Chemist: 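Here's a structure for you.
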Amino acid sequence: MSSDVMVMGGGIVGLATAWELLRSGATVSVLERNLCGQEASWAGAGILSPLLPWDYPEAVTQLTQFSAHLFPRFVDALQAETGVDPEYQASGMLVLPDSSSQAYVEPGTFDMCSRMLLAKHWCARHAIPVQEVQSSQIAPSLSRDTAALWLPEVCQVRNPRLLQALIRAVKMLGGKVLEHAEVAGWKIERGYVQSIHTVAGERHSAGQYVVAAGAWSRGLLAEHAAALEAWPVRGQILLFKAQPGLLEPMVFDERDNFYLIPRRDGHILAGSTLEEAGFDKSTTPEARETLLARAQALIPVLAEEMIAAHWAGLRPASPHNIPVISMHPAISNLYLNSGHYRYGVTMAPGSAQLIANMILGKLQPLDVTPYQWPHRAI
Ligand SMILES: Cc1cc2nc3c(=O)[nH]c(=O)nc-3n(C[C@H](O)[C@H](O)[C@H](O)COP(=O)(O)OP(=O)(O)OC[C@H]3O[C@@H](n4cnc5c(N)ncnc54)[C@H](O)[C@@H]3O)c2cc1C
């Protein structure tokens, strides 16, 4: 099999990259170790924004805002082409702030002014609508009535549906999707990838290669990982089945670092844990208990018998949550699009466009130096 570009990894980042390249006229193949769209991208909550965007470096803000701006057209085109509705909606985010914590402003600098004030200033600077409200005004079912921040334009998407649409769209544009094809090794000569081989011993070649294997990217690159800082961070989520309308907005409780995400059909996601557990993707009774207790503390009617599912996924962690979207420092036809950590769904359309522009030699719409490999210090 030979194509212009080979994408390794069939999560949201790999699939969005493949689709972007196909739409630009390239021929693309996707190699996926298991089935596409079953790992972190499936497991995520689908919030299309950093949880507290004012707590992140500018490189994260730049990419998430660029991606948020692309999202409406991204989902419209996917839905029009595939007929799959990814349930993209601006359900808004209600933030219940933790007034005791400090605020990150710039590297090494901490502002002691109130979190809410800082958040409002940050939103004003970035043209993000925000209001100070009483939480009961926006979400009457919450047991905690407190001064809160309301971000009405924060959107969400239903991950499994977005992935289903992307897989279909990639295939419809002629992308070759090879599942159960685990990349196991490289043939590299004179700074150039000649081919890769899979666990089954099949050899595949392409003009350019993109690693988009999420938490597994470092392992896939093996001795070619070139100082890449990447590691897995497990996240667990509980899914409740409630009556539609019990909760309308997304809610983030800063005190417990905990969110509730309502879907249209009444499902409510409660998450998520942040655990360093290596590549262990199991769910744990401790996390189930903690997530249930936090969910019930916010909405008392949520009960054990309403739990419809409990799952875990492995986030591709990176320093400061800044992904690498870059050519390899020493191998000229090898690229990496990985390390999106907590915001890979949010960043997917944006980082797909940036990596495609690099491969196709097009101008970039923003400064891509923060995403270079190896990472620059921020
Ligand atoms: C609990 C949880 C909640 C989250 N919530 C949000 C949220 O609300 N909003 C948000 O924006 N983000 C969220 N995230 C983060 C987001 O899900 C990830 O950043 C994103 O899914 C990363 O996508 P990816 O394609 O890089 O990785 P993955 O989806 O993990 O895909 C990587 C793929 O590579 C494949 N692969 C691995 N090794 C090989 C190999 N050797 N050969 C071939 N294929 C290989 C894997 O099988 C996998 O399919 C959340 C994550 C978790 C776990």
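First listed ligand is number 1; within each ligand, the first listed atom is number 1. Source: prediction; values computed, not measured.
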Chemist: Please check if any side-chain donor atom of Glu202 sits under 3.5 Å from a side-chain acceptor atom of His197, or the reverse.
Modeler: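 No - no donor-acceptor pair under 3.5 Å links their side chains.
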Chemist: Identify the protein heavy atom lying closest to atom 37 (C) of ligand 1, giving its residue, its atom name and the separation to 0.1 Å.
Modeler: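 For this ligand atom, the closest protein heavy atom is Trp216 CB, 3.5 Å.
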Chemist: Got a donor-acceptor contact below 3.5 angstrom from the Ser67 side chain to the Gly350 backbone?
Modeler: yes
Chemist: I'd like to know if Arg161 and Asp85 make a salt bridge, using a cut-off of under 4.0 Å between side-chain N and carboxylate O.
Modeler: no
Chemist: Decide whether an N or O pair under 3.5 Å exists between Leu35 and ligand 1.
Modeler: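 No, Leu35 has no N/O under 3.5 Å of an N/O on ligand 1.
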Chemist: To check your reading of the model: name the closest protein heavy atom to atom 13 (C) of ligand 1, its residue, and the distance in Å.
Modeler: Arg342 O, 3.0 Å
Chemist: Number the atoms of ligand 1 from 1 as they appear, then name those within less than 4.0 Å of a heavy atom of Thr346, with their elements.
Modeler: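 What qualifies from ligand 1 is 9 (N), 10 (C), 11 (O).
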Chemist: As an exercise, identify every atom of ligand 1 less than 4.0 angstrom from a heavy atom of Tyr343.
Modeler: 10 (C), 11 (O), 12 (N)
Chemist: Quick test of your reading of the structure: of Ile47, Val30, Val345, whose heavy atom lies closest to atom 9 (N) of ligand 1?
Modeler: Ile47
Chemist: Should we say atom CD of Glu289 is surrounded by more than 12 heavy atoms from elsewhere, each under 6.0 Å from it?
Modeler: no
Chemist: Without swapping roles, check the side chain of Asn333 against the backbone of Gly207 for a donor-acceptor pair under 3.5 Å.
Modeler: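 Yes; at least one donor-acceptor contact below 3.5 Å.
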Chemist: Okay, side chain of Tyr259, backbone of Met93: is any donor-acceptor separation there less than 3.5 Å?
Modeler: no
Chemist: Among protein heavy atoms, which sits nearest to atom 22 (C) of ligand 1, and what does the distance come to when rounded to 0.1 Å?
Modeler: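 Residue, atom and distance for the closest contact: Pro316 CG, 3.7 Å.
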Chemist: Measure the distance from atom 28 (P) of ligand 1 to every protein heavy atom, then report the residue, atom name and distance (to 0.1 Å) of the closest one.
Modeler: Ser41 OG, 3.7 Å
Chemist: After noting the C-alpha distance and the side-chain angles of Lys241 and Glu305, does the key distance pass the salt bridge (charged side-chain N to carboxylate O under 4.0 Å, His left out) rule?
Modeler: CA-CA 9 Å; Lys241 180 72 181 95; Glu305 58 274 14; over 6 Å; no
Chemist: Considering only heavy atoms of Gly313, which atoms of ligand 1 have at least one such atom less than 4.0 Å away?
Modeler: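 Every atom of ligand 1 under 4.0 Å from some heavy atom of Gly313: 53 (C).
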Chemist: List the closest protein heavy-atom neighbour of atom 2 (C) of ligand 1: residue, atom name, distance to the nearest 0.1 Å.
Modeler: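 Answer for atom 2 (C) of ligand 1: Gly44 CA, 3.8 Å.
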Chemist: Given Leu246 and Val301, is the side chain to side chain contact (heavy atoms under 4.5 Å, CB included) satisfied, shown in steps?
Modeler: CA-CA 10 Å; Leu246 175 64; Val301 297; 3.9 Å; yes
Chemist: Decide whether an N or O pair under 3.5 Å exists between Gly235 and ligand 1.
Modeler: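 For ligand 1, there is no N or O atom that lies under 3.5 Å from one belonging to Gly235.
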Chemist: Nearest protein heavy-atom contact for atom 17 (O) of ligand 1: which residue, which atom, what distance?
Modeler: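 The answer is Ala40 O, 3.1 Å.
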Chemist: Counting heavy atoms only, which of Asn337, Leu51, Val183 comes nearest to atom 42 (N) of ligand 1?
Modeler: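 Looking at heavy atoms only, Val183 sits closest to atom 42 (N) of ligand 1.
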Chemist: Measuring from atom 43 (C) of ligand 1, which candidate in Glu39, Met250, Arg33 has the nearest non-hydrogen atom?
Modeler: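 When every heavy atom of Glu39, Met250, Arg33 is considered, Arg33 comes closest to atom 43 (C) of ligand 1.
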Chemist: State, yes or no, whether a side-chain contact exists between Gln353 and Phe66 at a heavy-atom distance under 4.5 Å.
Modeler: yes
Chemist: Run the numbers for me: atoms of ligand 1, each under 4.0 Å from some heavy atom of Leu220, listed by number.
Modeler: 39 (C), 40 (C), 41 (N), 42 (N)
Chemist: Hey, which atoms in ligand 1 end up nearer than 4.0 Å to a heavy atom of Ala213?
Modeler: 32 (C), 34 (O), 36 (N), 37 (C), 38 (N)
Chemist: Report the C-alpha distance between Val211 and Trp216 in whole Å, list the side-chain angles of each, state the deciding distance to 0.1 Å, and finish with yes or no for side chain to side chain contact (heavy atoms under 4.5 Å, CB included).
Modeler: CA-CA 10 Å; Val211 171; Trp216 297 269; over 6 Å; no
Chemist: What protein heavy atom lies closest to atom 31 (O) of ligand 1? Include the residue and the distance to one decimal.
Modeler: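 In this structure, atom 31 (O) of ligand 1 has Gly11 CA, 3.4 Å as its nearest protein heavy atom.
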Chemist: Atoms of ligand 1 less than 4.0 Å from Leu31 heavy atoms?
Modeler: 43 (C), 44 (N)
Chemist: Please lay out, stage by stage, how Arg158 and Glu87 fare under the test salt bridge (charged side-chain N to carboxylate O under 4.0 Å, His left out).
Modeler: CA-CA 6 Å; Arg158 201 152 173 170; Glu87 294 191 14; 3.3 Å; yes
Chemist: Go through Arg294 and Asp253 one step at a time and tell me if the salt bridge (charged side-chain N to carboxylate O under 4.0 Å, His left out) criterion holds.
Modeler: CA-CA 9 Å; Arg294 287 183 179 159; Asp253 186 351; over 6 Å; no
Chemist: Stepwise, does the ring pair (Phe, Tyr, Trp, His ring centres under 6.0 Å) test hold for Tyr88 with Phe74?
Modeler: CA-CA 10 Å; Tyr88 173 74; Phe74 182 75; 9.5 Å; no
Chemist: Do Ser217 and Ser338 pair up side chain to side chain, a donor and an acceptor below 3.5 Å, judged on atom types alone?
Modeler: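 Yes, because at least one side-chain N or O of Ser217 sits under 3.5 Å from a partner of the opposite role on Ser338.
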Chemist: Without swapping roles, check the side chain of Ser351 against the backbone of Asn337 for a donor-acceptor pair under 3.5 Å.
Modeler: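 Here the side-chain-to-backbone pair does not exist.
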Chemist: Does Tyr259 have a non-hydrogen atom less than 4.0 Å from ligand 1?
Modeler: yes
Chemist: Going by distance only, is there an N or O of Tyr341 that falls short of 3.5 Å from an N or O of ligand 1?
Modeler: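 Yes; the residue has a nitrogen or oxygen that sits under 3.5 Å from a nitrogen or oxygen of the ligand.
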Chemist: Any N or O of Gly344 that comes nearer than 3.5 Å to an N or O of ligand 1?
Modeler: yes
Chemist: Checking a contact table here: which protein heavy atom is nearest atom 27 (O) of ligand 1, and how many Å away?
Modeler: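 For atom 27 (O) of ligand 1, the nearest protein heavy atom comes out as Gly214 CA, 3.6 Å.
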Chemist: Pull out every atom of ligand 1 sitting under 4.0 Å from any heavy atom of Ile237, numbered as shown with elements.
Modeler: 1 (C)
Chemist: Applying a strict 4.0 Å limit to heavy atoms, is Glu32 in contact with ligand 1?
Modeler: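 Contact present.
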Chemist: State if Gly46 counts as touching ligand 1 under the rule of any non-hydrogen atom under 4.0 Å.
Modeler: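 Under 4.0 Å: yes for Gly46.
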Chemist: Heavy-atom contacts with Ala181 under 4.0 Å: which atoms of ligand 1 show up? List them by number with element.
Modeler: 43 (C)
